[in-house]
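The basis for the numbers below is simple: all heavy atoms, side chains too, and nothing from hydrogens, waters or symmetry mates. Predicted model, so just to flag it, every value in this text is computed and none were measured. A note on names: the letters A, B, ... follow the listed sequences, proteins ahead of strands, and every chain is numbered from 1.
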2 protein chains.
Amino acid sequence: MTIRSKSHDRDKALSRARDLFWKQGFHATSLKDIEAALRMHPGSIYAAFGNKETLFRMALERYAQEIAESRQKILDAAPDVLEGLARFVESAHPVVRDDVPQPACFLAKTGMDTGLTQPALRAAILDLLDRSEASFVAIYRQAQAEGALPASLDPSQTARRLQATLTGIGVYAMRPDRREQARDMAADLAREIRAMRVLAS
Amino acid sequence: MTIRSKSHDRDKALSRARDLFWKQGFHATSLKDIEAALRMHPGSIYAAFGNKETLFRMALERYAQEIAESRQKILDAAPDVLEGLARFVESAHPVVRDDVPQPACFLAKTGMDTGLTQPALRAAILDLLDRSEASFVAIYRQAQAEGALPASLDPSQTARRLQATLTGIGVYAMRPDRREQARDMAADLAREIRAMRVLAS
DNA sequence: TCTCTTTTTGAACGATCACTCAAGCGTGAG
DNA sequence: CTCACGCTTGAGTGATCGTTCAAAAAGAGA
């Protein structure tokens with residue numbers, strides 16, 4: 001029971017850290033901010049998470065994992081993988097959700113913020129970005145296997161383009177007065193994904 | 001003569017500041033870094049530019065102005081405005097140039113880095129982003145007037161999508177091992193722009 | 001050469017940064 | 001009830017942050 005409640009606390013703290021870092025970025029977030037958000041004192045923070053950079057990396061990884069889980073859930077619920085991808089783009093990606101600290105992808109934002117100069121973070125970000133792109137590649141491949149997409153389509157290229165476009169929409173959505181337009185763009189993108197389908201004759 | 005050489009020095013300093021801030025972002029750049037890059041001492045920097053934030057804003061504005069000038073030059077040299085836009089996308093945007101401190105747009109990068117929380121910078125960034133988007137709107141409108149694009153096309157919507165896509169490609173290009181793929185995406189984008197043309201019958 | 005003005009210099013400022021650690025506290029076993 | 005152990009606490013660490021300013025240097029004019 002003790003262990004369970006402790007890991008629960010830790011979980012909640014990590015969630016709060018993710019939200020804070022996601023909103024403010026690595027450099028603009030001070031330990032004072034973290035203390036306030038996690039409702040923990042410096043000693044406890046360092047005992048639990050090591051240091052600021054490690055905590056940030058854990059927050060990043062948690063973000064990536066949650067996105068991946070959410071995406072998988074949508075895919076599982078969809079009639080096929082291509083439709084699942086469209087649904088993910090139009091309803092589940094941070095870009096279109098409003099219960100999220102920032103519309104832009106946390107990974108992309110961090111890449112910009114740190115300029116990929118922080119060695120320990122750099123490796124983590126590149127890895128997580130790779131996984132995201134790889135999951136899109138896998139989705140397109142599966143869609144081809146299901147006969148929903150033409151075999152001539154290059155899954156890697158298409159995945160890269162999707163990744164870049166989603167990122168771009170996310171950055172655009174950072175402007176509070178443009179959230180709606182960003183959602184429209186995401187809806188357009190979903191429509192384009194559906195339009196790729198080759199109809200069985 | 002004195003005045004000229006002074007404004008020239010100031011110009012060079014501002015250029016260096018732009019490169020430094022562009023590469024490292026606002027928060028990750030210390031005044032020590034700035035002193036080294038501008039080869040100036042703190043007193044002179046503050047005498048010339050006010051403070052760090054003002055210097056940053058000036059660097060941002062200079063960046064935006066140079067991009068706008070470069071875009072205008074490309075447009076002027078092109079046979080028509082739609083072809084000019086395609087050429088800008090495939091050869092002049094920071095995304096595809098390699099003589100630039102960072103492939104991602106300085107404005108977008110700053111928006112991510114500061115989270116648009118810094119009030120003085122926020123206004124400047126939003127304004128400059130607006131101008132960029134407005135220039136794309138103007139380009140699409142002119143292309144319609146020239147008969148190169150169908151009247152049914154929504155210039156605002158198309159401009160937003162272009163802005164977002166270019167931003168996304170820029171973020172993607174931040175990874176040194178993906179510069180080539182980013183350039184490919186820019187080339188694809190240019191191709192898509194050319195493909196929008198309605199051919200006179 | 002001398003004087004007045006402008007610019008450059010860099011030491012120093014208070015604030016804040018990420019981080020540490022000795023002391024205090026709560027809890028559960030004996 | 002007592003004691004021992006593990007977690008929490010927050011004042012304090014040296015370093016670095018952005019910024020200032022008095023003094024020195026450079027420049028201009030006579």
Kindly state each residue pair satisfying ring-ring contact (aromatic ring centres under 6.0 Å, His included) with at least one member in residues 82-104 of chain B, sequence neighbours excluded.
-> B:Phe88-B:His93
Residue pairs meeting ring-ring contact (aromatic ring centres under 6.0 Å, His included), one or both in residues 57-82 of chain A, sequence neighbours left out, come to A:Trp22-A:Tyr63, A:Tyr63-A:Phe106
Side chain to side chain contact (heavy atoms under 4.5 Å, CB included) between A:Thr167 and A:Leu107, worked out | CA-CA 9 Å; A:Thr167 304; A:Leu107 299 181; over 6 Å; no
Under 4.0 Å between a Lys/Arg side-chain N and an Asp/Glu carboxylate O for A:Arg178 and B:Glu133?
-> yes
Please work out the stems of DNA chain D from pairs that are Watson-Crick or G-U wobble with both distances under 3.5 Å, keeping only runs of three or more consecutive pairs.
-> C:1-30 with D:1-30
Between D:dT8 and A:His41, is there an OP1 or OP2 to side-chain N/O distance shorter than 4.0 Å?
-> no
When the distance from CZ of A:Arg39 to P of D:dT9 is rounded to whole Å, what number comes out?
-> 13 Å
Taking the six-membered ring of B:Phe21 as reference, does the NZ or CZ atom of B:Lys109 fall below 6.0 Å from its centre and within a 45° cone about the axis?
-> no
A:Arg160/B:Asp188 ion pair, N-O < 4.0 Å = no
Pairs satisfying salt bridge (Lys or Arg N to Asp or Glu O under 4.0 Å), at least one member in residues 18-34 of chain B, at least two apart = B:Arg18-B:Glu66
Base versus backbone protein contacts along nucleotides 18-24 of chain C [heavy-atom cut-off under 4.0 Å; B, S, -] | SBBB---
Tell me, please, which residues at least two apart from A:Arg194 pass side chain to side chain contact (heavy atoms under 4.5 Å, CB included).
-> A:Glu83, A:Ala86, A:Arg87, A:Glu90, A:Ala190
